[in-house]
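Contents: one structure, followed by commentary.
Side chains are part of it too, since the values below use all heavy atoms of this structure and drop only hydrogens, waters and symmetry mates. Owing to the predicted nature of the structure, the values given are computational and were not obtained by experimental measurement. To find a chain, count down the sequence lines: A is the first, B the second, and so on, and within it residues start at 1.
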Number of protein chains: 2
Amino acid sequence: MPKPALTREDVLDAAARLVERHGPGALSMRGLAAELDTAVTSIYWHVGNRESLLDALAEATVDRLATVRATGRTPRQRIVSVARALRRDLLEHPQLIAVVHERGLTERMFVPAQRALIREVHAAGLRGARAAAAVRAVQFQVVGYVLVERNRERAPVRARGGAARWDASAADHDPPLARALAHPVDSERLFVTSVRALVDGLLTR
Amino acid sequence: MPKPALTREDVLDAAARLVERHGPGALSMRGLAAELDTAVTSIYWHVGNRESLLDALAEATVDRLATVRATGRTPRQRIVSVARALRRDLLEHPQLIAVVHERGLTERMFVPAQRALIREVHAAGLRGARAAAAVRAVQFQVVGYVLVERNRERAPVRARGGAARWDASAADHDPPLARALAHPVDSERLFVTSVRALVDGLLTR
DNA sequence: ACCTGAACACCGTTCAAGT
DNA sequence: ACCTGAACACCGTTCAAGT
């Protein structure tokens, strides 16, 4: 039986899998061809070149991001829920999100969440420039976190001992603090804490 | 006159310049050799290979980070001043900071600022796990911002029109908000706003 | 101790040629 | 319209050989 024809979608899917598994750096046109059991040059016919392949990957990732629904009673709770949902979505494909960010599509990636954030910030009583700043502050907070977390995963922990020593010396009078800083970060917890604090700070005053 | 002997420092300096100018991806061993007017293989004698060259670059960048001094009267002001100083330091060499982050040295990079943050958070009355969370929240906030900003510079703005259309539709009843969101972000301003809000949220309650 | 060129296995991309 | 192999210029790295 003849080999089924290669489609642009086949190429994008395989590329997305490879990127998600080992990062964008590990995506080679030749390796991708091997994965698809085809000649390297066929890929060029379908997607142009490596650059536009990554562009297409970024676009597809942005388009696949679902609209977030806010949950909770107060605007504060609802904003935090949007941030958490957004982070969860992004963390499902951290490497692809990194590609999106690298290619300058970060703003577009936020469009669905932005609508929800605008609504909630408005409901909380913020208007005009202050509302815009609040929306953007939350957006930056979320992407920043995801980018930081992504690299924390890839490069587990090095020189932990060194950091712990410093912490101890600086937090001498507060052993619980020193102990807390010696433990690895609980990202989810820290994220929620930070977003809550940020939102509180943005809404009050 | 004979060519002056090549040193490890020569190699690291030239590499740092190349990375800072065009990003880590643009650093090739052969290009570096050309820049230093030497054979590629000499570089290997001095720094091992590309991987450990980047490691060394990250280490050197971390070591060069000056200790930050807090300024201002209240703990709140002093924490914000540390965050701003840190961001300023990091933004001076955004590409090298990205290398540091990629190689998992982010925590070590923060050691100097961490001492200052611990002191101020303590002065603000936080203790134990809550103090640790506050310190880390500020740290994450700063790196996150720098990482986001670095990519914003590299990939200016694309599809601005698309984003503007969405914003308008979502912020219909608040023209100033719509206008504010259509303008490009003032990163410095947004950063200060966010850090203030975060710190306020962390300290109160 | 330091530097060199040759060589290897990889890479992205182009192109002329096939069906 | 789709796929192919050959070829080009690049890359990181190793190694045996020089001084």
Q: Scan nucleotides 6-19 of chain C nucleotide by nucleotide, 5' to 3', and note B when protein non-hydrogen atoms come under 4.0 Å of the base, S if they reach only the sugar-phosphate, - if neither.
A: BB---BBBBB----
[X] [atom1] to [N] [atom2]: how many Å, rounded?
| X | N | atom1 | atom2 | value |
| --- | --- | --- | --- | --- |
| D10(A) | dC2(D) | CG | C1' | 13 Å |
| L6(A) | dC3(D) | CG | P | 5 Å |
| W45(A) | dG5(D) | CH2 | P | 18 Å |

**Q.** Exercise: do D55(A) and S52(A) side chains pair donor with acceptor under 3.5 Å
**A.** no
Q) Is a side-chain donor or acceptor of D10(B) paired with a backbone partner of T7(B) at a separation under 3.5 angstrom? A) yes
Q.
Determine whether a donor-acceptor pair (N or O, by modelled atom type, separation under 3.5 Å) exists between the side chain of H93(A) and the backbone of T61(A).
A.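 Flag not set: sc H93(A) to bb T61(A) has no pair under 3.5 Å.
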Q) If you look at every heavy atom in L36(A) and A14(A), which pair is closest and at what distance? A) CD2-CB, 3.8 Å
**Q.** T38(A) side-chain N/O to dC3(D) phosphate OP1/OP2 under 4.0 Å
**A.** no
Q. Any side-chain N or O of H46(A) less than 4.0 Å from the OP1 or OP2 oxygen of dA1(D)?
A.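 So the side chain of H46(A) is outside the cut-off, no N or O lying under 4.0 Å from OP1 or OP2 of dA1(D).
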(Q) Taking Watson-Crick (N1-N3 plus N6-O4 or O6-N4) and G-U wobble (N1-O2, O6-N3), each under 3.5 Å, can you produce the dot-bracket string of DNA chain D? Use [ ] for crossing pairs and | for inter-strand ones. (A) ||.|||||...|||||.||
Q: Tell me, please, which residues at least two apart from Y145(A) pass ring pair (Phe, Tyr, Trp, His ring centres under 6.0 Å).
A: F191(A), F140(B)
Contacts of type side chain to side chain donor-acceptor pair (under 3.5 Å), residue [X], not counting sequence neighbours:
| X | answer |
| --- | --- |
| T67(A) | none |
| Q141(A) | none |
| E51(A) | R103(A) |

